[in-house]
Amino acid sequence: MAARLRDPATLLPSLVGASSPHSRLREIHAHLLVSGRLASPSHHADFVASLASSSHLSYARLLLPRRPATLLVHNGLLRALARGPCPGLAFAAFRELPLAPDHYSFTFLVRAATSLAAAASSATPVPTDVAVSLLAGSVHAAAFRHGHAADLHVQSGAVSMYAAVGDVGAVRAAFAEIMSPDVVCVTAMLGALSAGGDVDTARELFDRMPQQDHVAWNAMLTGYVRVGRAREALGLFDEMQKAGVSVGEATLVSVLTACAQMGALERGMWVHSYVCSRGMRVSVTLGTALLDMYSKCGVVTMAMEVFESMTERNIYTWTSALSGLAMNGMGEECLELFKRMESTGMEPNGVTFVAVLRGCSVAGLVEEGRACFDSMKDKHKAEPWLEHYGCMVDLYGRAGCLDDAVNFINSMPVEPHEGVWGALLNASRIHNNADLGKHAMYKLTKIESKNDAAHVLLSNIYAESHNWKGVSKVRNMMKSKGVKKVPGCSAIEVDGKVHEFFVGSKSHPRYKDIETMLAGMSHKLRLQGYTANTKEVLFDIEEEEKEGAISLHSEKLALAFGLITLPEGTVIRIVKNLRVCKDCHDYTKMISKVFDREIVMRDRNRFHHFKHGACSCRDYW
DNA sequence: GTAGGGTTAG
């Protein structure tokens, strides 16, 4: 009965639009009054909270003085504000509180501070605002002053709050305060640790928990995913299922993110069919995670199918789709989709522009990219980030407009970062401009002296122009500076199992077969007139010590394994942690022709779709 | 008759 009475008030956000005029609200208000449905204080509180949470804050405030003030009403208001789009308003309401706050009030304030901190850290790539950090401290201090800091809800909230502002010391202190932490408190700590990248400590805590519920499992899962340990995340998911823990949306989203990271398409598709077969509702978050998984596994058609089937799309959805098209080399489609997005009134943010600019870059759409960059400021009033400047340099440089790239850098209103010089360096490599490359390298190493990828790029530039002295100079430079190259690793999924290959590694159980296959591949390629680029092989900086190492580059090993194990006609999908080297790229193109196989190779930052001897990147990467 | 922990884009 009581629940039915509450209906009109709690349903308010859906009854009236956020832009409804006061007259319409008065009508509803009058109706509720006359029918007696606002008689009890709790219904009144619900009504006020509903108004506040549907952006009718001013009307909600009008209602406040109409009754004797109750904490219920005011706390409801605080809750609505803390959860709303402007959590800061909760503090204003708190200051005007006509009654002494209780422990409920403080959970809402802690929540508001947490949301503010989260918003601040996602808006910019820099560490969270000092102001938000101070705010968190003062909320906590106020809770102490009012004697409500010992409440379990406030305490676990404080742990999450300090994690959101990135204050590791405060997180530990807040957790240490808790006399007898329950599952929720420990899980909050778990989440805080893994958000700070300290998954191993989080795991210890997790293993020590007397019993873990599904939220604790999820916190652990996302911890692994966040630091890029996708394999462990999937392993944990297996354990979770064995333990019979209920699998909900949050779990699946994390699992999909792990699949996306690893390029584990089969596992990702398993999640998709799991969702479908159980008739689960595909929420925006789940849909976006699915779409992103497909893009990052190189299956753009499925990604777009998911996108089109979604009934609700937020900025993450749009940006993920745009970015998927961009990284799969579909620049025109990316721009098209961006226009569609603009026409729906969805406002792009900085991340969206990164995606669109990258789309322009892969397709060589210089003018469009320039227009897009300009529209950021003019039309969308968004200040470009360093990333956007980097994208522009990449756009000009990749298209061969090296002068434009240099002029663009010179006209930047902010100091260029390593990404900008890295983009110029890469452009120099594509267009064989050793002098410009040297300049970019000089600038880059002044900022980041030990960038291994940059050293490899420069060496490639020298090797390309047969400047072997230059190559060995770079090699010595790396030695003397102690620059360690991250070992190349290629992964391929077969029957749901991901196999990893490192350069020249012979440890795979089927190495003998792989070796035989590699020999067969070389033989077939030679018949087709392919000659390995032997001079460059000798100076391949990635593997100078190993004889013939280039023929054992990780992507070649994975490719051979794929040819052995995957039935004819299926696409071979390989995920590499670094960029593909030129020789492997040429080699793979040939393989796609000679073996008549479609090969999809995911690079460090984009996709190569090989088919009939050509690559979707048009040899610009 | 109000609360707390886990979920998507670079």
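Just so it is clear: chains get the letters A, B, ... in the order the sequence lines come, proteins before strands, and each one is counted from 1.
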Please verify the inter-ring angle class for [X] with [Y]; under 30° counts as parallel, over 60° as perpendicular, anything in between as tilted.
X: Trp621(A); Y: His608(A); value: perpendicular
X: Trp270(A); Y: Phe237(A); value: perpendicular
X: Trp318(A); Y: Phe307(A); value: perpendicular
X: Phe373(A); Y: Tyr389(A); value: perpendicular
X: Phe408(A); Y: Tyr396(A); value: tilted

Exercise. Return the stacking result for dA3(B) and His153(A): yes when the ring centres lie under 5.5 Å apart and the planes under 30°, no otherwise.
Key: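 One would call His153(A) stacked on the dA3(B) base.
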Please classify the nucleic acid contact of [X] as base, sugar-phosphate, or nothing, using heavy-atom distances under 4.0 Å.
X: Arg313(A); value: nothing
X: Val183(A); value: base
X: Thr352(A); value: nothing
X: Asp102(A); value: base

Exercise. First locate atom CZ of Arg398(A), then atom CG of Asn426(A), and finally report the distance between them rounded to the nearest 0.5 Å.
Key: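 That separation rounds to 6.0 Å.
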Quiz item: Between dA3(B) and Arg111(A), is there an OP1 or OP2 to side-chain N/O distance shorter than 4.0 Å?
Solution: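 So the side-chain polar atoms of Arg111(A) never come under 4.0 Å of the phosphate oxygens OP1 or OP2 of dA3(B).
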Exercise. May I ask you to evaluate whether Arg358(A) reaches the phosphate of dG10(B), defined as a side-chain N or O under 4.0 Å from OP1 or OP2?
Key: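 Indeed not, no polar side-chain atom of Arg358(A) lies that close.
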Could you tell me whether the side chain of [X] has a donor or acceptor atom within less than 3.5 Å of a complementary atom in the base of [N]?
X: Asp213(A); N: dG5(B); value: yes
X: Asp151(A); N: dG4(B); value: no
X: Asn314(A); N: dA9(B); value: no

Quiz prompt | Side chain of Asn218(A) - closest among dA9(B), dA3(B), dG6(B) | solution =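 Ranking dA9(B), dA3(B), dG6(B) by closest atom to the Asn218(A) side chain puts dG6(B) first.
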Quiz item: Of the residues in residues 289-308 of chain A, which ones touch DNA chain B at a heavy-atom distance under 4.0 Å?
Solution: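 Listed by number, they are Asp292(A), Lys296(A).
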